[in-house]
Amino acid sequence: MDAVNIGIVGLGNVGSGTLAILADNADQIALKLGFRLHVAAVCSRSVHSKDMPAAPASAVRTTDWREVVNHPAVEIVAELVGGSGVAAEIIDASIARGKSVVTANKELMASCGPEIWDRAIRAGINLAMEASVCGGIPIHAVLREGISGDRVTALYGILNGTSNYILTEMEKRGEAFGAVLGEAQELGYAEADPSADIDGFDARSKLALLAALAFGEKITPADIFVEGIRRISPMDFQYAHTLRHTIRLVCAARQTHDGLILSVRPALIPLSTILAGVQGAYNAVWVKGAFGEDTFYYGRGAGPRPTGVAVVSDLMRVAREIRYGSPERVSPFAHERLGEYKPVSVALQKRAYYLRFRVDDRPGIIAALAGILASKHISLESVLQEPCDTKHDLPFVITVEPTSEQSVRDAVEEMSKLDFLREPPLALPMETAL
Ligand SMILES: NC(=O)c1ccc[n+]([C@@H]2O[C@H](COP(=O)([O-])OP(=O)(O)OC[C@H]3O[C@@H](n4cnc5c(N)ncnc54)[C@H](OP(=O)(O)O)[C@@H]3O)[C@@H](O)[C@H]2O)c1
């Protein structure tokens, strides 16, 4: 059977990993498919100065992505540029030319995925986006195929390797957030501008995509409450451990009586939960189904090779459908907004909370804080204080029994006006249900 010709636009981390796997694993891929995948064209802005032993000598090398999309032999275009500018043009032009698309672009798919899918379906071409979330974990295939017979009730994830690396290093070594972030930047785990990772926006795009696939909903990042990890300090891990918990940037999408509650935020999770074992730059996704119950997926969330595997596997699936025929496609964002899947405010959620304070010590502090909690009908569960040298910046923690997020927000707002506080209280949910 004839080879399927591929064009690759973007030869950075993911593009170079993809090319290397296509070259080094070419024979296995051909055996699995029954035909070869042939790279007919490659493109990047600096393609002529790139050392590309993995690209076939016959491949067109160009700085203009249009040459790849318009190449008559190319049947699948891999968009591995990223962002929402030129990447959107590449995908739109490929669809318009009747070419299938493989992309690793979470940003674009999270914000415009439903519209792009609609265009792809109308054009009768295939679209694959496995690499866009959790690089090396085939979570799209799981949600679209593996457990598609189930009805997902909740999905939890650790979806950002950089913030997980920072949190787990702080936990292991007791180092401050800023110092570990600096190390992560030196090691290449964190960008020079780390905001997308540590403020939760990267994880939010990924959760939007996964929740859309899991619940068949048009969920956009704006539907998701987001809070980053900048305020977490080593003392929070000390207190969390005393409570037999740890802290992770938890991405959560769960079905409730009111609708879907979606959030990306640091949370306390029990040390005994499987998610607490996810260390360093690894990612994990935990899905709960009404019928099949719990399934858990774990692997590298980024990197040229794990993400390259996801792209190559997508190329294989799309190529197989091109050669052997494709079933009629339904967009993974197929549902209209059904009541039970409608995103609702995280303020409706009920959880136990961890409240951490830094105070200028004086008599009456606990009474003042307890008074505010009581006025919001919040029941105090415990007060913890680790030994500390200074009375002028004294940390301690109050945990409260399950209550609505809205009442905790109201209490924190009122507490923030108290003059003995060194900074506003840090409030983290305790995900005891995990
Ligand atoms: N890095 C990961 O581990 C990872 C994991 C999962 C998903 N992703 C996603 O994969 C995509 C690519 O990420 P990456 O880390 O590989 O990015 P990257 O290293 O910055 O590579 C981007 C590539 O796109 C090329 N490019 C940029 N603008 C272009 C233009 N106008 N015309 C032609 N080529 C252009 C760049 O060319 P030059 O080389 O000439 O500058 C570069 O080769 C993103 O959507 C990202 O979110 C990445």
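Remember, it's 1-based here, ligands and their atoms both numbered in the order they're listed.
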Does the distance from a Lys or Arg side-chain N to an Asp or Glu carboxylate O, for R409 and E405, drop under 4.0 Å? yes
Under the side-chain contact (heavy atoms from CB on, under 4.5 Å) rule, collect the residues that match up with N5, sequence neighbours excluded. H38, A40, A73, E75
Who pairs with Y297 by ring-ring contact (aromatic ring centres under 6.0 Å, His included), at least two apart in sequence or on another chain? none
Those residues at least two apart in sequence (or on a different chain) that pass side-chain contact (heavy atoms from CB on, under 4.5 Å) with S407 are K376, I378, T403, S404
Would you please write out the protein residues whose heavy atoms approach any atom of ligand 1 to under 4.0 angstrom, listed by chain and number? G10, L11, G12, N13, V14, C43, S44, R45, S46, K50, L80, V81, G82, V86, A104, N105, K106, A131, A302, G303, T307
Short N-O contact, R265 and E431, less than 4.0 angstrom: no
The reported gap from SG in C134 to NZ in K206 (rounded to nearest 0.5 angstrom) is 6.5 Å
